[in-house]
Each structure stands twice: as structure tokens, then as C-alpha cells.
Protein chains: 2
Amino acid sequence: MKTRKKTLRDYLQLKGLKITNQREIILKTFLDSRSHCSTDDLYIRLRKKHPKIGYATVHRTLKLLVASGIAIEQNFGDGQARYEPVQDNHHHDHLICRECGLIIEFEEPQIEKLQHQVAAAHQFTIESHRHELYGLCSRCSHLK
Amino acid sequence: MKTRKKTLRDYLQLKGLKITNQREIILKTFLDSRSHCSTDDLYIRLRKKHPKIGYATVHRTLKLLVASGIAIEQNFGDGQARYEPVQDNHHHDHLICRECGLIIEFEEPQIEKLQHQVAAAHQFTIESHRHELYGLCSRCSHLK
DNA sequence: AATATCAATGATAATGGTAATCAAAGTCGA
DNA sequence: TCGACTTTGATTACCATTATCATTGATATT
């Protein structure tokens, strides 16, 4: 299986871009971090071992990871983009707790199927979708 | 049936807020506008007949309409909030064309039902949700 | 290995949507 | 009508994101 490091290198080469230490460090740190991290999250984490890497580079590299198909960008309405590694053949959507911020992933093939039926009925070609359920997680709803 | 003007008045009274001309004008103009309008859209529209109303007031009043249950806020990923009147017992989601910006509404009770099953499986209490399908509308996919 | 070319970096400033501030004006109960 | 309190509108502040630009770095060519 092709590593994601290789995927990034191939993408950079294809586009005539350069393989740099920063890009590889950011990729590695991104993959090691918990999912759904924001640019800030990643920047703060990187700063511990690599204080020379600038915020702008982290931001640009995250966009690059999205462009190369390694990551996807999410937005859960708190005003900052979040990124997560793409898992092949493992699409999922999210339950988001408004109280504690907990993010639970879910998969529901039947919903996906119905989505395609809806799109077909409108002669609409789906490129991507987002489906998020907001509310209270089990713990927070008991605390109320 | 209670008009939305009455709904707003009741809400304001309940909260100890004031009924003002601006708020009623903004409500009326909002309801008369095409759906899914942004703060800018509404401000520009208002300026024609009511050039004295400030941007901040439009912004604040839209938030107020959301708080009073008259409108809901949507965000389709273009970096600006959009608002639409709540239609009782008529929840819907959206198909959004990335090319021309067309927004199509859809309803799919089966999806709603499956959502609730997913939430229940995680002991999660749904307060709201968003479900958007992004891609190309019929016209734009033919033009490509 | 040295060089030339072009992209990347990092610090900083610009941008754009949203929200806070505050003096002046308006609302509404007493 | 008066007074307490809210709203308004202009402006500024905020914050995430994006652009700018001089310097540094990567890579192909010699």
C-alpha cells in the first residue's frame, strides 16, 4: 500500500511543487494528531518540536493535503475549519455535541443511498456532501 | 394563525425588548425576499427604501429573528451566513450547485428517520442537523 | 559540485464576515 | 410627560483566513 508520504510526494511532483522538510513534518504531525484538528491545534502541536515553522506554512500545507486527497476539510459551525485524514472506503458523517464539543463519527449506507436517489430525482450530480447532527451527547444530556 | 409580526412582538415583550420600526421593517423585508439571503443581501435590499437603517441593525435583527424562531441560520461553506424563514412542519435540506450557486430544497422523511436511529444508537439527543449535497445542477453538468 | 531558476518559507499585513462599543435617539411604563 | 432602559448607527475590534514579499531552499542542468 502507498504511504501517505508517498502520495504527497507524487502529488507535489505532478504539480511541479517542491518536497520540503516542513511539508513532511506537517504531514507526519497531522497524521499523528487526533482527528478533526484545526489549523491552530496543529500549529500549537508543531511548535513544541518545530518552533521555526510558521503559521502560514501550516495553513498552506493543510490546504495542500486537501488538494492531494490526503485530508478533508470540515466545518462544524464554530468558525474554524477542521481537518481529518481521508480513510479509503470509509466515508462517515458526524454527531456533534454542542455542550462539550465531542465529535462522534457514524456511517449509514442507507442514508447515502437515499441521498443518491434524491439527487437523481433532480438530475443533480453529487460531488460531496455534509451531514451533521447537532445536539447533546449521552453524558451531557444526563448532566442537564 | 399567528402572523410572524405577532410572533416577533410576543418574543420581544417576553424578553423585555422593544418593538421598533427598524425591527418590523427588517422582518417584513426579510419575509418578502428570496430565501437563503445573507446579511449583505438583505442590507442592500433594505437600503433602497430605508437608507437610514444601519448594517449592524440588520445583522442584530437577523440574529433576533433566529432567536425568536422566525428564521434559521444556514451556512453553505462560502463564508457567510444565510437566513431563511422557518416553515412550520416543513423541514427541508439542500442541494447546492458549486457552479452557479443554485439552491434546491428537498425533503426525505426516510433520511430523517434513519438519523434518529443513528442518534439513538449513540444515546445522542438531536437538537438540529444539517444535510447538504454539493455538486452540479442539471444545467451546469450539461454545460461542462 | 556549482549554478540558475523558480517555488517555499515565515513574518507581517490585508481581507472579510461578524461582533463589540458608545454616544445619541427611541421606547414604554409610571 | 418623565425617566429608566433599550436600540440605533457609525465605528472599531476581532478572528480566521489569505495575500504579500524579501529571503531561503529545492532541484534540474551544466
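All heavy atoms count here, side chains included; hydrogens, waters and symmetry mates do not. Chain letters run A, B, ... following the sequence lines, proteins first, then strands; residues in each count from 1.
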How long is the line joining [atom1] of [X] and [atom2] of [N], in whole Å?
X	N	atom1	atom2	value
Asp40(B)	dG17(C)	CG	C1'	8 Å
Lys15(A)	dT27(D)	NZ	P	18 Å
Ile25(B)	dT8(D)	CD1	C1'	12 Å
His50(A)	dG10(C)	NE2	P	12 Å
Arg82(B)	dT18(C)	CZ	C1'	15 Å
Asn21(A)	dT24(D)	CG	P	17 Å
Gln74(A)	dA16(D)	CD	C1'	18 Å
Tyr55(B)	dA19(C)	OH	C1'	11 Å

Side-chain N,O ([X]) to OP1/OP2 ([N]) below 4.0 Å:
X	N	value
Lys63(A)	dT18(D)	yes
Gln22(A)	dG10(C)	yes
His59(A)	dA16(D)	no
Arg23(A)	dT9(C)	yes
Thr20(B)	dT8(D)	yes

Residues [X], [Y]: salt bridge by 4.0 Å N-O rule:
X	Y	answer
Lys28(B)	Asp32(B)	yes
Glu132(A)	Arg130(A)	yes
Arg98(B)	Glu127(A)	yes
Lys6(B)	Asp10(B)	yes

- Kindly assign one of parallel, tilted or perpendicular to the pair His36(A) and Phe76(A), based on the angle between their ring planes and the thresholds 30° and 60°. tilted
Counting only side-chain heavy atoms from C-beta out, which of [options] sits nearest to [X]?
X	options	answer
Leu17(A)	dT17(D), dA7(C), dG17(C)	dA7(C)
Thr57(B)	dT8(D), dA19(D), dT18(C)	dT8(D)
Ala56(B)	dT7(D), dG9(D), dA7(C)	dG9(D)

- Task: For Lys18(B) and for Arg60(B), locate the closest nucleotide of DNA chain D by heavy-atom distance; then report the residue assigned to the nucleotide nearer the 5' terminus.
- Result: Lys18(B)
- Message: Heavy-atom nearest nucleotide on DNA chain C for Lys52(A) versus Asn75(B): which residue maps closer to 5'?
- Response: Lys52(A)
